[in-house]
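Note sheet for the following structure.
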Amino acid sequence: MRAAVVVFPGSNCDRDLAVAFEQAGADVTMVWHKDRELPQGIDIVGIPGGFSYGDYLRCGAIAANSPICKSVAAHAGRGGYVMGICNGFQVLTETGLLPGALLRNAGLKYICKTVGLKVATSASDFTAGYNAGDVIDIPIAHHDGSYFADAETIAALKGEDRIAFTYTDNPNGALEDIAGILSDNRRVLGMMPHPERAADAGHGGTDGVALFRALAGALATA
């Protein structure tokens with residue numbers, strides 16, 4: 001698996017994501033936001049958490065218009081894999097690669113803690129390492145993580161089995177407890193919780209490891 005991790009001004013989980021990919025066996029390249037092209041032969045692009053461009057305007061809005069995001073969109077359009085975590089999820093909704101938006105938390109406060117996530121589907125290369133219905137412990141750290149979409153979009157996500165993860169105890173007011181969703185071809189994942197922060201026992205948990213291992217296994221046999 002060849003992975004690219006995009007780095008924006010304000011990214012703070014880029015190295016964590018790179019390490020999680022590397023531990024799963026990936027060859028990782030860090031890509032600067034002003035680059036116009038992804039490296040050749042990339043299988044998956046990771047858009048990390050943080051506060052890209054200081055979260056000015058809307059979270060992820062400026063990053064979505066950076067030079068590299070045109071190449072990321074083209075990669076996804078060719079059927080390539082993309083994973084956006086936290087601020088990365090916000091970027092993916094701003095680019096239109098995923099539907100909906102991430103709004104200010106219902107409590108209007110920044111939340112940083114470990115939460116329970118229910119695996120809503122195992123029918124994707126991102127979630128195939130779990131069983132549907134499994135509950136895993138994954139950290140969150142966000143101020144604008146409340147997932148919102150219109151009723152038609154929510155119905156489509158549910159009807160097409162494209163909700164990847166839901167919160168067991170909704171911390172932010174997200175509709176339908178949604179914590180992560182998939183694109184219609186199931187190759188783009190956006191999620192607010194941080195699986196890369198649950199990939200090392202020394203950091204308090206390893207429930208995120210299965211996501212990276214399953215993805216690496218799927219790409220190794222593709």
Side-chain angles (χ1 to χ4, degrees), residues 1 3 5 11-26 28 43-50 81-90 92 98 102 105 110-147 157 161-183 186-221:
M1 178 172 68
V5 175
S11 295
N12 63 14
C13 299
D14 44 320
R15 293 188 180 185
D16 307 64
L17 183 55
V19 169
F21 276 135
E22 288 170 349
Q23 289 177 338
V28 181
D43 298 305
I44 181 166
V45 179
I47 305 182
Y81 289 79
V82 181
M83 177 166 62
I85 299 171
C86 198
N87 188 228
F89 188 6
Q90 296 162 345
L92 292 180
L98 289 174
L102 284 308
N105 295 341
Y110 178 82
I111 307 170
C112 184
K113 63 180 181 179
T114 297
V115 300
L117 287 189
K118 181 179 179 180
V119 179
T121 181
S122 60
S124 80
D125 290 335
F126 297 98
T127 58
Y130 307 103
N131 294 313
D134 284 353
V135 174
I136 59 178
D137 292 326
I138 304 290
I140 60 171
H142 58 250
H143 193 256
D144 296 71
S146 178
Y147 183 77
L157 291 173
D161 192 34
R162 288 168 51 198
I163 298 175
F165 301 99
T166 58
Y167 298 108
T168 59
D169 184 10
N170 193 331
N172 55 31
L175 290 182
E176 300 291 335
D177 303 324
I178 290 173
I181 62 171
L182 298 158
S183 61
R186 314 185 82 76
R187 292 193 169 193
V188 180
L189 168 70
M191 61 186 297
M192 287 308 297
H194 288 267
E196 81 285 7
R197 293 185 180 179
D200 188 318
H203 294 164
T206 58
D207 282 0
V209 170
L211 185 154
F212 295 99
R213 286 182 177 171
L215 185 60
L219 290 172
T221 57

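Counting heavy atoms from C-beta outward, Val209 and Gln23 have side chains that stay 4.5 Å or more apart. At least one side-chain heavy atom of Gln90 sits under 4.5 Å from a side-chain heavy atom of Met192. Within the 4.5 Å cutoff, no side-chain heavy atoms of Leu189 are placed close to those of Ser124. Between His203 and Asp16, the closest side-chain pair of non-hydrogen atoms is not below 4.5 Å. Here the side chains of Asn87 and Pro48 are not in contact, with every heavy-atom distance at 4.5 Å or above. The shortest distance between side-chain heavy atoms of Tyr130 and Leu211 falls below 4.5 Å. Looking at Leu102 and Tyr147, their side chains come closer than 4.5 Å, going by heavy atoms from C-beta outward.
Minimum heavy-atom separation, Gly49 to His194: CA-CE1, 4.1 Å. Ile178 and Ala174 get closest at one heavy-atom pair: O-CB, 3.4 Å. Here the closest heavy-atom approach between residue Cys13 and residue Arg197 is recorded as SG-NH2, 3.0 Å. The two residues Leu117 and Ala179 have their closest heavy-atom pair at CD2-CB, 3.7 Å. Across all their heavy atoms, His142 and Tyr167 have their closest contact at CE1-OH, 3.9 Å. Taking each heavy atom of Ala141 and Tyr110 in turn, the nearest pair found is CB-OH, 3.3 Å.
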Would Leu182 and Thr121 satisfy side chain to side chain contact (heavy atoms under 4.5 Å, CB included), going step by step from the backbone distance to the final call?
CA-CA 10 Å; Leu182 298 158; Thr121 181; 4.1 Å; yes
Verify side chain to side chain contact (heavy atoms under 4.5 Å, CB included) between Phe165 and Ile138, making sure each step is shown before the conclusion.
CA-CA 11 Å; Phe165 301 99; Ile138 304 290; over 6 Å; no
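Taken from CG in Leu157 to CD1 in Ile181, the straight-line distance is 5.0 Å, to the nearest 0.5 Å. Atoms CD1 and OG1, on Ile136 and Thr206 in that order, are 10.5 Å from each other to the nearest 0.5 Å. Within the model, atoms CG of Asn105 and CG of Asp144 stand 6.5 Å from one another, a figure rounded to the nearest 0.5 Å. From Asp125, atom CG reaches atom OH of Tyr81 across 3.5 Å, with rounding to the nearest 0.5 Å. Atom CG in Leu17 sits 12.0 Å away from atom SG in Cys86 (nearest 0.5 Å). The structure places CG of Asp137 at 7.0 Å from OG1 of Thr114, a figure rounded to the nearest 0.5 Å.
In the displayed structure, Arg186 atom CZ is contacted under 6.0 Å by more than 12 heavy atoms of other residues, nucleotides or ligands.
Between Phe21 and Phe212, the angle of the ring planes goes over 60°, which puts this pair in the perpendicular group of the 30/60° scheme.
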